[in-house]
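Throughout, a chain's letter reflects where its sequence line sits, starting with A, and its residues are numbered from 1.
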Number of protein chains: 2
Amino acid sequence: MAAQRAKTPRDSSARQRLTAADWADAALTAMGEGGLAAVAVEPLAARLGATKGSFYWHFSNRDALIEAALERWEEVDTEAVITEVAAEPDPGERLRRLLLMAANRSAADPRDVSLLASAAHPRVAAALARVTARRLGYVAALFTELGFPEDEARHRGLLAYTAFLGHTHLGHAVPQSLPDGAARDRYLDGVIETLVRP
Amino acid sequence: MAAQRAKTPRDSSARQRLTAADWADAALTAMGEGGLAAVAVEPLAARLGATKGSFYWHFSNRDALIEAALERWEEVDTEAVITEVAAEPDPGERLRRLLLMAANRSAADPRDVSLLASAAHPRVAAALARVTARRLGYVAALFTELGFPEDEARHRGLLAYTAFLGHTHLGHAVPQSLPDGAARDRYLDGVIETLVRP
DNA sequence: ACCTGAACACCGTTCAAGT
DNA sequence: ACCTGAACACCGTTCAAGT
């Protein structure tokens, strides 16, 4: 999980100098583990085997580190998912796969959750606005492809996305409240049927 | 907005001693404004015109203050809403009112959002589990009253509640992504129709 | 160019002393 | 019984000095 440079593999016994990307990756990891509050310079420095002073060579302050981590997040948690799903030609099946990923990621990746809660932070708010527009646009386009008129497609896309978000949050905070195993598949099928019905 | 005691009205010029309830109310307010991180002893002390030392007379530590604030939250943000809606005899209309409150509170009250994101905190997790069970149980019972078999009622209740949660989150973090005014009413009607259709 | 180490401000916690 | 004020540890930030 530690941020490693590609060029020269580095182990804890003989470590090289750090790059800004090392700090940003470590920050994104920390954000997933403990939210924005866990993006703390001193603990990260300890984890990377450096001093706080080193950090301030690469970044002007903690806020700049958060910004860099957020840029990585936009790539990893939105574009990567959309790219992965884009190969599937049937829009109904694409929708199904998107929702399945939601259910699967809900337990694993708490970053969406912690970022939504940190919307008061200006940099977080800006990243959220971009990511939300991108996701809602993508899902609405799916419903358009399925044959719904534009207005209805946006509404259904919004319902699908809010349900996705809420599901992710519950999976992170209160996992026992979500159906499990076969019951989860039945639930998901029911949701998709409800969303796709004319 | 400041926590005031009922007995002796207190203004800033001649303030009395503080009670544990004063600190808990101030903590809940702060939580709404800036999340768990904003429940900070020193700033709260400043706001209440007392010293940090005073705080440690009423509470053993910051964690105990969080616990007290969470108890207030369970009352205010769950029981109060359920009580308010309970008067309405028609279950379909009760559902409608619940979702309307969701849409209205989404802009105003970010406490659900910040608490869901703080699920890593053990006390928060316990409060969330209780509140989630209570809310899901209530909504599922609504669908049972509407005539759905138990399994289907739970599924629809979960879809309704996750959509509610996601809607609240978006309303807080990216309000411009939600429909507004008349469009919001149309959206809400569509969602309810979708949820209630056999 | 990149990093260390010491310094200082801010908040959590403790505690002896005040009323 | 309730509170103050000083003390100390932890993390953000700065900066002079090292390699």
Side-chain angles (χ1 to χ4, degrees), chain A residues 2-8 10 12-27 29-31 33-69 118 120-124, chain B residues 2-8 10 12-27 29-31 33-69 118 120-124:
Chain A
Q4 301 281 353
R5 287 301 293 157
K7 280 180 167 176
T8 319
R10 161 173 32 97
S12 47
S13 55
R15 62 172 80 80
Q16 309 278 127
R17 325 198 97 157
L18 295 168
T19 67
D22 291 326
W23 288 96
D25 281 339
T29 299
M31 206 157 75
E33 289 166 9
L36 250 205
V39 181
V41 178
E42 185 158 300
L44 285 179
R47 202 139 120 174
L48 292 170
T51 61
K52 298 185 280 183
S54 161
F55 168 81
Y56 284 93
W57 172 258
H58 297 287
F59 294 92
S60 57
N61 53 27
R62 178 174 175 262
D63 203 55
L65 174 63
I66 288 169
E67 168 100 52
S118 307
H121 191 295
R123 299 232 177 282
V124 174
Chain B
Q4 301 280 355
R5 286 300 292 155
K7 279 180 168 176
T8 319
R10 161 173 31 95
S12 46
S13 56
R15 60 173 81 79
Q16 309 278 126
R17 325 197 97 156
L18 295 168
T19 66
D22 290 327
W23 287 96
D25 280 340
T29 299
M31 206 158 75
E33 289 167 9
L36 249 205
V39 181
V41 178
E42 185 158 301
L44 285 180
R47 204 139 119 174
L48 292 171
T51 61
K52 298 186 281 183
S54 161
F55 167 81
Y56 284 93
W57 172 258
H58 297 286
F59 293 92
S60 56
N61 52 26
R62 178 174 176 263
D63 203 56
L65 175 63
I66 288 170
E67 168 100 54
S118 306
H121 191 295
R123 299 233 177 281
V124 174

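In this structure, of C/dT4, D/dT13, D/dA1, it is D/dA1 that holds the atom nearest to the side chain of B/Trp57. Side-chain atoms of B/Leu18 lie closest to D/dC3 of the nucleotides C/dC11, C/dT4, D/dC3.
As a whole-Å value, the separation of A/Glu42 CD from C/dG5 C1' is 12 Å. Atom P of nucleotide C/dG5 and atom CZ of A/Phe55 are separated by 19 Å, given to the nearest angstrom. Rounded to an integer number of Å, the gap from A/Arg47 CZ to D/dC11 C1' is 16 Å. Atom-to-atom, CZ of B/Phe59 to P of C/dT14 comes out at 15 Å; the value is rounded to the nearest Å. If you take CZ of B/Arg17 and C1' of D/dT4, they are 11 Å apart, rounded to a whole angstrom. Rounded to whole Å, the distance from CG on A/Leu48 to C1' on C/dC2 is 15 Å. One interatomic measurement links the two molecules: CG of B/Asn61 to P of C/dC11, which rounds to 18 Å at whole-angstrom precision.
Aromatic ring orientation, A/Trp23 versus A/Phe55: perpendicular (interplanar angle above 60°, classes split at 30° and 60°).
Summarising the geometry, atom CG belonging to B/Leu36 is positioned 6.5 Å from atom CZ belonging to B/Arg62; distances are rounded to the nearest 0.5 Å. A distance of 11.5 Å separates CG in B/Leu44 from CG in B/Asp25, rounded to the nearest 0.5 Å. Distance check, rounded to the nearest 0.5 Å: CZ of B/Arg47 to CD of B/Glu42 gives 14.0 Å. One distance of note links CG of A/Leu18 with NE2 of A/His58; it measures 5.5 Å at 0.5 Å rounding.
Nucleotide C/dC10: unpaired (no Watson-Crick or G-U wobble partner with both distances less than 3.5 Å). Nucleotide D/dA1 forms a Watson-Crick or G-U wobble pair with C/dT19, both donor-acceptor distances falling under 3.5 Å.
In the interface, the side chain of B/Lys52 is not paired with the base of D/dT4 through any donor and acceptor atom under 3.5 Å apart.
Put simply, A/His58 has a side-chain N or O that comes within less than 4.0 Å of OP1 or OP2 on C/dC3. Note on A/Tyr56: every side-chain N or O is 4.0 Å or more away from OP1 and OP2 of D/dT14.
Position along DNA chain C of the nearest nucleotide to B/Ala37 versus A/Gly53 favours A/Gly53 as the more 5'-ward residue.
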